[in-house]
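Reviewing the structure listed below.
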Amino acid sequence: MVWYVTKEWNVEGLRLLGEGATHNASLPRFTREEVARHQNEANRVWVTYGSEVFDVTDFLELHPGGKSKILLAAGGALEPFWALYAMHEQDHVQEILREYKIGELSPEEPPLPSPDDPYANDPPRHPALRVNTLKPFNAEPPPELLRNHLPVPVVDPETYRLCIQSPSGQNLSFSLQDLKQNFPKYEVTATIQCAGNRRAELNAIQNTNRLGWSIGAISNACWGGARLRDVLMQAGYQPEDGGHVSFEGLDKDHSGTVYGASIPFQKAMSPDGDVLLAYEMNGEELPRDHGFPLRVIVPGVVGARNVKWLARITVGPEESKSHWQQKDYKGFSSSVTWETVDFSKAPAIQEMPIQSAITEPSSKTSVSPGELTVKGYAWSGGGQSVIRVDVSLDGGKNWQEATLTGEKQLPGQAWAWKLWQLDAFVPAGTKELNLVCKAVDTSYNVQPERAEPLWNILGVLNSAWHRIRVPVAKDCED
């Protein structure tokens, strides 16, 4: 969905593609009607931005979000779309757009009215959050305290209905009260992690032009609701059926496209899969930002499949056709570029790799010689339990084993993170700590040492050792 581009295009590919563009003082003038008409008559894709006209035909196949998203604006203005995805208001995006400039709008053309703010009805957020983008709101909590890409919908719980397509094709409707009264309530403590967690470290290697999440694109909560398995069986599905379960949310973009994703049918129907249609979070009503009035909780699976503001469920032989299932949240080799990527050859991310991070101390503060407590979290996807976290104070030369805390978890159903703590000692005269952590799960999967081989164009699945450098305050006796 997002209109973003990569730096290497600007330096190489786009510079060449833009060589034929006109860059002089005598650019032609067009009316908005002419821009729209040219789109239909010449089979070229023209758009406007401000008072300028651009021919972006050669950019269609390069657009990471797919050419269909650019075609929504064909013959018209970019402003309504960029109001929804305000991250386009960046210098490097503007620079690339200018490569395709072919003219100006006629001075007689009146300016467009300012588009309505699609985020005007979003709920208030906690001031402690670190905001990565305001519109759409993407934020993470400070590490020591340990989110949604479209406007938060306003939903009336009294009129809300969940639509489920039965095996016969009949559309069944469930109210929120139906789900609460007619199905047993289950509670599951589960961690939800974005595939882009710790992307900032990948961006430091080579910019992906995607949100630079630190270590906070992850959360842990106790979720309450009806089991998806129970509801699907009530709708007529049997555990031996196969395929995929697709979810659609109520959140929409400017074109009316709704957020969607899917999971394997076996995961949805497994008695041990613990997939919930959740209406509670930590014993209270779901907050709006977290999917009120109903969302899917898919323990052990990437956050993108845990669809919020759930509106519709369908079962079929194929995965969701959603952009976020087909053209995003997939992993690729470091050698793959936007010019060579083939999304059809990579499976959609479901279960996540082993992960850990240091939450205390912070690289923005100093520590003193003597006793030191290092804290963090560790989690592995697919229900694998974390069995060990190793911590180093000297960049990985020497290691100490941290103490794990957390609820006892069943084998294969370890959905919640483990918090860990190491009580260490900093010798006098130490100038800096090079803190590193790495986790191990029940299958002895361990985090890789370096992030460089993990770099990919989407900036996802960074599970390398987490490293921070912390200055040590000078010993007052020195």
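Val460 is not listed as a side-chain neighbour of Asn197, based on a closest heavy-atom distance of 4.5 Å or more. Counting heavy atoms from C-beta on, the side chains of Glu449 and Lys438 never come closer than 4.5 Å. A 4.5 Å side-chain heavy-atom check between Val436 and His466 finds every atom pair outside the cut-off. Counting only heavy atoms from C-beta outward, the side chains of Met352 and Trp379 approach each other to under 4.5 Å. Contact annotation: the side chain of Ser322 never approaches that of Glu248 to less than 4.5 Å [non-hydrogen atoms, C-beta and beyond]. Side-chain contact between Val367 and Thr365 is absent, with no heavy atoms from C-beta onward closer than 4.5 Å. You'll find the side chain of Lys345 stays beyond 4.5 Å of the side chain of Phe332, heavy atoms only. Between Thr403 and Val389 there is no side-chain heavy-atom pair separated by less than 4.5 Å.
A distance-only check finds no donor-acceptor pair linking the side chain of Lys327 to the backbone of Phe343 [under 3.5 Å]. For the pair Ser334 (side chain) and Trp455 (backbone), a donor-acceptor distance under 3.5 Å is present. Of the possible polar contacts, none joining the Glu201 side chain to the Asn462 backbone as a donor-acceptor pair under 3.5 Å is found. Here the side chain of Thr191 pairs a donor or acceptor atom with the backbone of Trp417 at under 3.5 angstrom. When atom types are taken as modelled, the side chain of Gln350 and the backbone of Ser262 share a donor-acceptor pair closer than 3.5 angstrom. Using a distance-only test at 3.5 Å, with no hydrogens or angles considered, no donor-acceptor pair links the side chain of Ser333 to the main chain of Val336. Of the possible donor and acceptor atoms, none in the side chain of Trp415 sits under 3.5 Å from a partner among the backbone N and O of Val188. Side-chain atoms of Ser362 come within 3.5 Å of backbone N or O of Lys364 as a donor-acceptor pair. In this structure, the side chain of Lys267 engages the main chain of Pro299 through a donor-acceptor pair within 3.5 Å.
At a cut-off of 3.5 Å, with distance as the only test, a side-chain donor of Ser356 or Gln447 sits close to an acceptor on the other residue. Defined by atom type and a distance below 3.5 Å, a donor-acceptor pair is present between the side-chain atoms of Asp394 and Ser392. Side-chain contact of Thr337 with Thr340: a donor-acceptor pair under 3.5 Å is present, judged by distance alone.
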task = For Ile313 and Leu277, run side chain to side chain contact (heavy atoms under 4.5 Å, CB included): C-alpha distance rounded to whole Å, both residues' side-chain angles, the deciding distance at 0.1 Å, then the answer.
result = CA-CA 11 Å; Ile313 299 175; Leu277 300 180; 4.1 Å; yes
key: side chain to side chain contact (heavy atoms under 4.5 Å, CB included) between Val386 and Ile354, intermediate numbers included   = CA-CA 8 Å; Val386 173; Ile354 181 74; 4.0 Å; yes
task = Go through the steps for Leu454 and Leu461 under the test side chain to side chain contact (heavy atoms under 4.5 Å, CB included), then give the verdict.
result = CA-CA 7 Å; Leu454 302 179; Leu461 302 173; over 6 Å; no
Trace of the salt bridge (Lys or Arg N to Asp or Glu O under 4.0 Å) decision for Lys185 with Glu280 = CA-CA 10 Å; Lys185 176 185 170 183; Glu280 288 184 1; 2.6 Å; yes
query = Given Asp390 and Arg388, is the salt bridge (Lys or Arg N to Asp or Glu O under 4.0 Å) satisfied, shown in steps?
reply = CA-CA 7 Å; Asp390 298 327; Arg388 195 178 80 237; 3.0 Å; yes
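Scanning for side-chain contact (heavy atoms from CB on, under 4.5 Å) contacts around Gln400 gives Leu393, Leu422, Ala424, with sequence neighbours left out. Partners of Asp230 according to the side-chain contact (heavy atoms from CB on, under 4.5 Å) rule, which considers only residues two or more places apart in sequence or in another chain, are Phe183, Pro184, Tyr186, Arg227. Not counting sequence neighbours, the partners of Ala235 by the side-chain contact (heavy atoms from CB on, under 4.5 Å) test are Ile164, Leu172, Tyr237.
Between Trp399 and Trp465, the ring centre distance stays below 6.0 Å. For Tyr259 and Phe247, the ring centers sit 6.0 Å or farther from each other.
Heavy-atom neighbours of Glu371 CD from other residues, nucleotides or ligands within 6.0 Å: at or below the threshold of 12. Crowding of Lys330 atom NZ: a count of heavy atoms from other residues, nucleotides or ligands under 6.0 Å exceeding 12.
Considering Asp441, Thr442, Asn445 in turn, Thr442 is the only one that fulfils the side-chain hydrogen bond (donor to acceptor under 3.5 Å, both in side chains) rule with Gln384. For the side-chain contact (heavy atoms from CB on, under 4.5 Å) test with Trp223, the passing option among Leu286, Val296, Asp274 is Leu286; the others fail.
The distance from atom CG of Leu250 to atom CZ of Phe292, rounded to the nearest 0.5 Å, is 11.5 Å. Here the CE-CZ distance, from Met281 to Arg295, works out to 8.0 Å after rounding to the nearest 0.5 Å. The CG atom of Leu458 lies 7.5 Å from the CZ atom of Arg199; values are rounded to the nearest 0.5 Å. Annotation: the span from Ile215 atom CD1 to Gln355 atom CD amounts to 9.0 Å, rounded to 0.5 Å. The CZ atom of Arg198 sits 10.0 Å away from atom CD1 of Ile218, with the distance rounded to the nearest 0.5 Å. With rounding to the nearest 0.5 angstrom, the CG atom of Leu435 is 5.0 Å from the CD1 atom of Ile358.
Shortest non-hydrogen contact noted between Asp251 and Lys308 is OD1-O, 4.3 Å. The shortest heavy-atom contact between Ala402 and Val391 is CB-CG2, 4.1 Å.
Under the 6.0 Å distance and 45° angle rule, Lys180 counts as a cation-pi partner of Tyr279.
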